[in-house]
Colleague: 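Below are the structure tokens for one structure; questions will follow.
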Amino acid sequence: MSTLRTRFAPSPTGSMHIGNARTAAFAWLLARHHGGQFILRIEDTDRTRYVEGSVEEIQDGLKWLGLDWDEGPFFQSQRLEIYRELAEQLVREGKAYRCWCSPERLAQMREEQKAAGLPTGYDRRCREGAPGHTPGEPHVIRFAMPLDGVTEFHDHVRGTLSFENALIDDFVMLKADGFPTYQFANVVDDHLMGITHVVRSDEWLSSTPKHVQLYAAFGWEPPQFVHPALILGPDRSKLSKRHGAVSFREFTQMGYLPDALLNFLALLGWSPGDNREVMTRQELIEAFDIPGIVNHPAIFDRQKLDWLNRQHIRMLPDGELARRVKPLLEEKGFGGLQDGYLESVVRVMKDRLTFLHDIVELACYFFTDEFEYEEKGGKWLQDPGAAQFLEGIADALKDCEWSDAAIEARVREAGEKLGREGGALIHPIRYACTGKTVGPSLFAALETLGRDRVVRRLRRAADLARVQ
RNA sequence: GCCCCCAUAGUGCAGAGGCCUAGCACACCGCUCUUUCACGGCGGCAGCACGGGUUCGAAUCCCGUUGGGGGUACCA
């Protein structure tokens, strides 16, 4: 049995779309599940739409997601000779023909067909020869579709599909500029590169019969087809820019974990069959296979992605989470943090992060004394007894054993003497030490902050309270 | 217009004729835990698009309708 080979074949025409990333993830997962190979091929056959930098963006994106490829990237623009020779071969065999029809004529023809309520398509004027033209003049090469019968093929997601040949266009294989079209180059390369499973989204379904005919014309065995449905925006149309963030790069920059995004992408149009959802990369590879791919389109749901990201953050060991969060903090000017300290911060904050960078906003008081006091908590300092109370707590803690249990005992004891308990005891202390009205368990937070910071902040807040 | 695909709660999935009084998850709403906000736990809301068949029996099979999507380029 030969190894399974899949490929990801994007065109470098702009930012990599989140939908492309999903297709790439499916193809990669399928290859890895079966111990096969995953190939990267850049389909740069449209010179007019080429966007500088997009090849790099595609590769960076795949690397970020952890989708490593075994061969490539191959560039179709470097294989022009191959396509030309193969196209000429088909011309010689009478399975393709030269066409000199002008784009203007073609456009007009299409309009007339539409107006008459007919199916659109090339009228095959040059199919039986075009007197007065020579191969020296600019022309395209078209495939000569069978004029009757049907083309049938099996798709692993859709089942057996059949299309009437008469309705399929004599499509262009080679353009006037010598570049191949997708329809042609794609088939040639999939064959030459030994692709066994073509994984691509639904939008290609209706051109698959053309591909099947091309394989037949060359006498090549067609690959297995796998067409997952499209990803839709909330309005149910093909996900695009007007739905907000759709470029893959935006997601990598928003603070999603690669494993979380991979998990989410895999779940868009596939399921393991049981009710598992939160899955590691390894679990995905083990579970992913064709039968789990669903045949109806899915709407992209950010809330679910966010939830998945939370789950993946919580799965990270503290040390690893600390390591990932560190550069984000340094970026905000919170440098020079001890690993051990950062790890303890991360431990108390872990359950509260949707994104890694949330830590900056939610836990800044762990990294600097210069945090802001939320306006909302001002009342805790305005209270007449506040200054005296905070000083009292500071005194009680200045020689306290530093564990959260000991801190709690000492604070409660001191609170009792000062006539405070419950919220009136806890909230002012939190506000004094963190500037916030919400956060992790107070005693755990104090323990993590350390005695010096806590005592210092309590006294500072007491001073603040006195001027109120 | 023509061709093709799709149809289970708001969203993502499970379901491959009886196990379905349709399950799970996100979101939402309660309750609970708790010093707060989260987390967690418990509970709730909400769905087989519609109409015909086939069958003893249909979410599951067939046909039609409706709705949605994709394609229809010398773009991919």
Side-chain angles (χ1 to χ4, degrees), chain A residues 9-13 43-46 48-49 99 101-103 106-107 110 113-122 138-142 155 157-159 161-164 167-169 171-183 185-186 200-209 227 229-230 232 234-238 264 267-278 291-292 294-308 310 314 349-354 362 377 408 411-412 421-431 436-443:
Chain A
S11 59
T13 52
E43 310 220 319
D44 52 349
T45 55
D46 187 346
T48 62
R49 294 208 307 157
C99 167
C101 293
S102 70
L106 263 19
R110 259 192 302 275
Q113 288 169 332
K114 257 189 188 167
L118 297 165
T120 54
Y122 179 56
H139 64 278
V140 304
I141 293 182
R142 287 182 183 273
D155 178 88
V157 179
R158 317 277 158 181
L161 267 22
S162 103
F163 294 77
E164 248 181 275
L167 266 14
I168 304 173
D169 218 12
F171 61 94
V172 172
M173 293 161 38
L174 220 56
K175 305 184 234 181
D177 64 3
F179 277 66
T181 59
Y182 169 89
Q183 317 291 9
N186 187 265
R200 65 182 17 157
S201 65
D202 194 47
E203 57 196 316
W204 297 107
L205 201 56
S206 36
S207 41
T208 304
H227 287 103
L230 253 24
L232 271 28
D235 65 351
R236 299 200 156 275
S237 68
K238 197 169 165 179
F264 179 70
L267 253 21
L268 270 182
W270 171 81
S271 94
D274 45 34
N275 282 321
R276 276 185 299 165
E277 294 197 305
V278 182
V294 120
N295 64 359
H296 53 265
I299 291 171
F300 191 86
D301 181 11
R302 275 283 297 280
Q303 282 183 314
K304 187 105 179 196
L305 208 207
D306 289 357
W307 172 77
L308 225 29
R310 270 198 298 276
R314 295 166 65 172
M349 294 306 298
K350 211 174 187 177
D351 284 352
R352 338 174 76 83
L353 303 177
T354 296
L362 260 31
E408 174 160 11
V411 165
R412 290 202 188 280
E421 58 176 5
L425 172 69
I426 304 291
H427 293 303
I429 301 176
R430 162 175 287 110
Y431 188 64
K436 296 197 185 297
T437 56
V438 300
S441 157
L442 176 66
F443 306 110

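Here is the naming used below: chain letters follow the sequence lines, and residue numbers restart at 1 for every chain. Excluded from the calculations below are hydrogen atoms, water molecules and symmetry mates; all remaining heavy atoms, backbone and side chain alike, are included.
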Colleague: For the pair made of NZ in A:Lys350 and P in B:rG40, what is the distance, rounded to whole Å?
Modeller: 14 Å
Colleague: Using whole Å, report how far CG of A:Asp301 lies from P of B:rC26.
Modeller: 11 Å
Colleague: Which residue, A:Asn275 or A:Ser441, contacts RNA chain B at a nucleotide closer to its 5' end, judged by nearest heavy atom?
Modeller: A:Asn275
Colleague: What about A:Lys304, does its side chain sit under 3.5 Å from the base of B:rA27 through a donor-acceptor pair?
Modeller: no
Colleague: Write down the distance separating the C1' atoms in B:rG30 and B:rA46, rounded off to the nearest Å.
Modeller: 15 Å
Colleague: Please report the distance separating the P of B:rC61 from the corresponding atom of B:rC19, rounded so that it comes out in whole Å.
Modeller: 16 Å
Colleague: B:rC6, B:rC39, B:rC13: which one has an atom nearest the side-chain heavy atoms of A:Asn295?
Modeller: B:rC6
Colleague: My understanding is that a pair needs two contacts under 3.5 Å, Watson-Crick or G-U wobble. By that rule, which nucleotide pairs with B:rU66?
Modeller: B:rA7
Colleague: Does OP1 or OP2 of B:rU11 have a side-chain N or O of A:Arg302 closer than 4.0 Å?
Modeller: no
Colleague: Say you pick atom P in B:rA7 and the same atom in B:rC26; how far apart are they, in whole Å?
Modeller: 25 Å
Colleague: Please classify the nucleic acid contact of A:Val294 as base, sugar-phosphate, or nothing, using heavy-atom distances under 4.0 Å.
Modeller: sugar-phosphate
Colleague: Just call it for A:Pro272: base, sugar-phosphate, or nothing, with non-hydrogen atoms closer than 4.0 Å on any strand.
Modeller: nothing
Colleague: May I ask you to check whether A:Phe264 and A:Phe300 place their ring centers less than 6.0 Å from one another?
Modeller: yes
Colleague: Any heavy-atom pair between the side chains of A:Leu308 and A:Val278 that's under 4.5 Å?
Modeller: yes
Colleague: Using a strict cut-off of less than 4.0 Å between a Lys/Arg side-chain nitrogen and an Asp/Glu carboxylate oxygen, indicate whether A:Asp351 and A:Arg310 qualify as a salt bridge.
Modeller: no
Colleague: Could you tell me if the side chain of A:Phe179 sits less than 4.5 Å from the side chain of A:Asp46, heavy atoms only?
Modeller: no
Colleague: Give none if B:rG1 has no partner; otherwise give the nucleotide forming a Watson-Crick or G-U wobble pair with it, both distances under 3.5 Å.
Modeller: B:rU72
Colleague: Find out whether A:Trp270 and A:Val294 are in side-chain contact, i.e. whether some heavy atom of one side chain is under 4.5 Å from a heavy atom of the other.
Modeller: no
Colleague: Could you list all N or O pairs between the protein and nucleotides 41-44 of chain B that sit under 3.5 Å apart?
Modeller:
none

Colleague: How does protein reach along nucleotides 58-76 of chain B, written 5' to 3' as B (base within reach of a heavy atom under 4.0 Å), S (only sugar-phosphate), or - (no contact)?
Modeller: ----------SSSSSSBBB
Colleague: Is there a side-chain contact between A:Leu442 and A:His427, using heavy atoms and a 4.5 Å cut-off?
Modeller: no
Colleague: How many Å lie between CH2 on A:Trp307 and C1' on B:rC39, as a whole number?
Modeller: 14 Å
Colleague: Please state how far atom CD in A:Glu164 lies from atom P in B:rC4, giving the value in whole angstrom units.
Modeller: 8 Å
Colleague: For B:rC28, which nucleotide is its Watson-Crick or G-U wobble mate, given both distances must be under 3.5 Å?
Modeller: B:rG44
Colleague: Within the 4.5 Å heavy-atom criterion, are A:Tyr182 and A:Ser11 side-chain neighbours or not?
Modeller: no
Colleague: Nearest whole Å is fine: how far is B:rC26 C1' from A:Glu277 CD?
Modeller: 7 Å
Colleague: Check the distance between B:rU11's P and A:Asp306's CG and give it to me in whole angstrom.
Modeller: 18 Å
Colleague: Between B:rG67 and B:rG51, how many Å separate the two P atoms, rounded to a whole number?
Modeller: 16 Å
Colleague: Any heavy-atom pair between the side chains of A:Val140 and A:Leu174 that's under 4.5 Å?
Modeller: no
Colleague: With rounding to the closest Å, how many angstrom separate the P atoms on B:rC48 and B:rC75?
Modeller: 46 Å
Colleague: Roughly how many Å apart are B:rC33 and B:rG17, using the C1' atom of each and rounding to a whole number?
Modeller: 46 Å
Colleague: For nucleotides B:rC3 and B:rU8, find the distance between their P atoms and express it as a whole number of Å.
Modeller: 25 Å
Colleague: Roughly how far apart, to the nearest Å, are B:rU60 and B:rG41 at atom C1'?
Modeller: 35 Å
Colleague: Return the pairing partner of B:rU60 with a 3.5 Å limit on both distances, Watson-Crick or G-U wobble; otherwise return none.
Modeller: none
Colleague: Taking the basic N atoms (NZ, or NE/NH1/NH2) and the acidic carboxylate oxygens, is any pair closer than 4.0 Å for A:Asp301 and A:Lys304?
Modeller: no
Colleague: Run the side-chain hydrogen bond (donor to acceptor under 3.5 Å, both in side chains) test against A:Lys175 and tell me which residues pass, sequence neighbours left out.
Modeller: none
Colleague: Name the residue closer to the 5' end of RNA chain B, choosing between A:Gln303 and A:Arg158 according to the nucleotide with the nearest heavy atom.
Modeller: A:Arg158
Colleague: How many whole angstroms separate atom CG of A:Leu362 from atom P of B:rC39?
Modeller: 12 Å
Colleague: Decide whether a cation-pi geometry holds between A:Arg142 and A:Phe171; the criteria are a distance under 6.0 Å from NZ or CZ to the six-membered ring centre and an angle within 45° of the ring axis.
Modeller: no
Colleague: Answer with base, sugar-phosphate or nothing: what part of the nucleic acid does A:Phe163 contact at a heavy-atom distance below 4.0 Å?
Modeller: sugar-phosphate
Colleague: Considering only heavy atoms from C-beta outward, does the side chain of A:His227 approach that of A:Glu203 to under 4.5 Å?
Modeller: no
Colleague: What is the distance from NE2 of A:His296 to C1' of B:rA14, rounded to the nearest Å?
Modeller: 11 Å
